[in-house]
Visitor: 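A single structure is presented below for examination.
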Amino acid sequence: MPSVNLVPHPDTTRFEALQLRANVGISPLMALDIQFVLKGNIDKLRIPGDSVPRRADNLWQHTCFEVFIATPQSERYLEFNVAPSSEWAIYQFDSYRGGMAAIEVTPPIISTNRSHNHLAVNVAVDLRLFPALHNDNELRVALSAVIENSAGDLSYWALAHPPGKPDFHHRDSFALTLNPLKNSL
């Protein structure tokens, strides 16, 4: 399972001594398994409390983790948003920020483990639910997060940041390549 570091955007709020890492893999049954691990003084962050897993919009306005998936041959892509509260949303885009549509599917499996210096959010999404991803042996993935501190300031984290303001939708952010046949758990 590949393990990658996410870095804060240079122009946004920085929080003291935080580290964000993600472990990513695809199961033999085509489930995308991701574990986001945030280390640092978690008590100084606004972390949504546990709730019943449900679909919710605008999760990016507070602490949440995001996954973008595309194939190299298409402008279309998917966006998965997951909050530590177990709230989630899945969107499909026809092109860069265009043609956005919410997708109603079987909810991802989400679990959270938290202590004063550690937050782990585990997500499993059944990729078989998304036919657009089946036609390719290669997936381009962007991993990102919005982290909110106790004062309400936001910090934007990603594998890679394109020039300019934070933009998780930009194809330069799709920095991880996964091959479902090679990256199986």
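All values below were derived from every heavy atom in this structure, side-chain atoms included, with hydrogens, water molecules and symmetry-related copies excluded. Counting begins at 1 with the first residue of the sequence.
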Visitor: Does some side-chain heavy atom of Ile103 sit less than 4.5 Å from a side-chain heavy atom of Phe130?
Guide: yes
Visitor: What's the spacing between His118 NE2 and Leu38 CG if we round to 0.5 Å?
Guide: 9.0 Å
Visitor: Assign the ring pair Tyr77 / Phe93 to parallel, tilted or perpendicular, where the plane angle (0 to 90°) is split at 30° and 60°.
Guide: parallel
Visitor: Testing the basics here: between Leu6 and Ala145, what is the closest heavy-atom pair and its distance to 0.1 Å?
Guide: CD2-N, 4.3 Å
Visitor: Tell me whether Ile109 at atom CD1 has more than 12 heavy atoms from other residues, nucleotides or ligands lying less than 6.0 Å away.
Guide: no
Visitor: I need the single residue from Ile26, Val141, Leu139 that forms a side-chain contact (heavy atoms from CB on, under 4.5 Å) with Leu32. Which is it?
Guide: Ile26
Visitor: I'd like to check Thr12 versus Leu154 (side-chain heavy atoms, cut-off strictly below 4.5 Å). Are they in contact?
Guide: no
Visitor: Indicate the atoms forming the closest heavy-atom contact of Trp60 with Glu66, along with that distance.
Guide: CB-OE2, 3.3 Å
Visitor: State, to 0.1 Å, how close Arg21 and Ser3 come at their nearest heavy-atom pair, and which atoms those are.
Guide: NE-OG, 2.7 Å
Visitor: How about Tyr91 and Phe68: are their ring centroids closer than 6.0 Å?
Guide: no
Visitor: Taking the side chain from Ser86 and the backbone from Val52, do they hold a donor-acceptor pair closer than 3.5 Å?
Guide: no
Visitor: Are Glu104 and Arg55 ion-paired here, with the side-chain N under 4.0 Å from a carboxylate O?
Guide: yes
Visitor: Between Thr177 and Asn179, is a side-chain contact (heavy atoms from CB on, under 4.5 Å) present by the stated rule, with each step listed?
Guide: CA-CA 7 Å; Thr177 300; Asn179 180 321; over 6 Å; no
Visitor: Determine whether Val82 and Leu59 fall in the same hydrophobic cluster, where Ile, Leu, Val, Met, Phe, Trp and Tyr are linked whenever their side-chain heavy atoms lie under 4.5 Å apart.
Guide: no
Visitor: Grab the two heavy atoms, one from Asn41 and one from Leu18, that are nearest each other, plus how far apart they are.
Guide: N-CD2, 4.2 Å
Visitor: Looking at Ile47 and Pro84, what are the two nearest heavy atoms and their distance?
Guide: CG2-CB, 3.7 Å
Visitor: What are the two closest non-hydrogen atoms of Ala56 and Ala89, and how far apart are they?
Guide: O-CB, 3.2 Å
Visitor: Going from OG on Ser85 to CG on Asp50, what distance comes out if it is rounded to the nearest 0.5 angstrom?
Guide: 8.0 Å
Visitor: Would a 4.5 Å heavy-atom cut-off, applied to side chains only, mark Glu87 and Pro53 as touching?
Guide: no
Visitor: Less than 4.5 Å apart, any side-chain heavy atom of Asp167 and any of Arg97?
Guide: yes
Visitor: Any side-chain heavy-atom pair from Pro48 and Thr63 closer than 4.5 angstrom?
Guide: yes
Visitor: Quiz question: by atom type and distance under 3.5 Å, do the side chains of Gln35 and Asn122 form a donor-acceptor pair?
Guide: yes
Visitor: State plainly whether one hydrophobic cluster holds both Leu20 and Val7, where clusters connect Ile, Leu, Val, Met, Phe, Trp and Tyr through side-chain heavy atoms under 4.5 angstrom apart.
Guide: no
Visitor: Do Arg114 and Asp43 come within less than 4.5 Å of each other through their side chains, counting heavy atoms only?
Guide: yes
Visitor: Are the side chains of Ile147 and Phe65 in touch, meaning some heavy atoms are under 4.5 Å apart?
Guide: yes
Visitor: Applying side-chain contact (heavy atoms from CB on, under 4.5 Å) between Glu79 and each of Met100, His169, Gln92, report the one that passes.
Guide: His169
Visitor: Should Leu178 and Val24 be marked as a side-chain contact (heavy atoms from CB on, under 4.5 Å) after you check the CA-CA gap, both sets of side-chain angles, and the distance that decides it?
Guide: CA-CA 9 Å; Leu178 292 177; Val24 185; 3.5 Å; yes
Visitor: Working note: Val123 + Asp33, criterion side-chain contact (heavy atoms from CB on, under 4.5 Å); need CA distance, chi angles, decisive distance, verdict.
Guide: CA-CA 6 Å; Val123 183; Asp33 292 311; over 6 Å; no
Visitor: Show, in sequence, the C-alpha distance, side-chain angles and deciding distance for Leu129 and Thr106, and conclude whether the side-chain contact (heavy atoms from CB on, under 4.5 Å) test is met.
Guide: CA-CA 8 Å; Leu129 300 172; Thr106 305; 4.0 Å; yes
Visitor: What is the distance from atom CD of Gln61 to atom CG of Asn81, rounded to the nearest 0.5 Å?
Guide: 11.0 Å
Visitor: Please answer whether the main-chain N or O of Asp153 pairs with a side-chain N or O of Asn149 as donor and acceptor at a distance below 3.5 Å.
Guide: yes
Visitor: Within the 3.5 Å criterion, strictly below it, is a donor on Thr71 or Arg140 matched to an acceptor on the partner's side chain?
Guide: no
Visitor: Could you tell me the separation between the CG atom of Asp94 and the CZ atom of Arg76, rounded to the nearest 0.5 Å?
Guide: 5.0 Å
Visitor: Just by distance, do the side chain of Ser155 and the backbone of Val146 share a donor-acceptor pair under 3.5 Å?
Guide: no
Visitor: State yes or no: do Ile90 and Leu143 share one hydrophobic cluster built from I, L, V, M, F, W and Y residues joined by side-chain heavy-atom distances below 4.5 Å, directly or via other members?
Guide: yes
Visitor: Phe168 vs His161 aromatic rings, parallel, tilted or perpendicular, using cut-offs 30° and 60°?
Guide: tilted
Visitor: Hydrophobic clustering (ILVMFWY, side-chain heavy atoms < 4.5 Å, transitive) - are Tyr156 and Val67 grouped together?
Guide: no
Visitor: Does some side-chain heavy atom of Trp88 sit less than 4.5 Å from a side-chain heavy atom of Pro107?
Guide: yes
Visitor: Consider only side-chain heavy atoms of I, L, V, M, F, W and Y, link residues closer than 4.5 Å, and tell whether Phe80 and Phe174 are in one cluster.
Guide: no
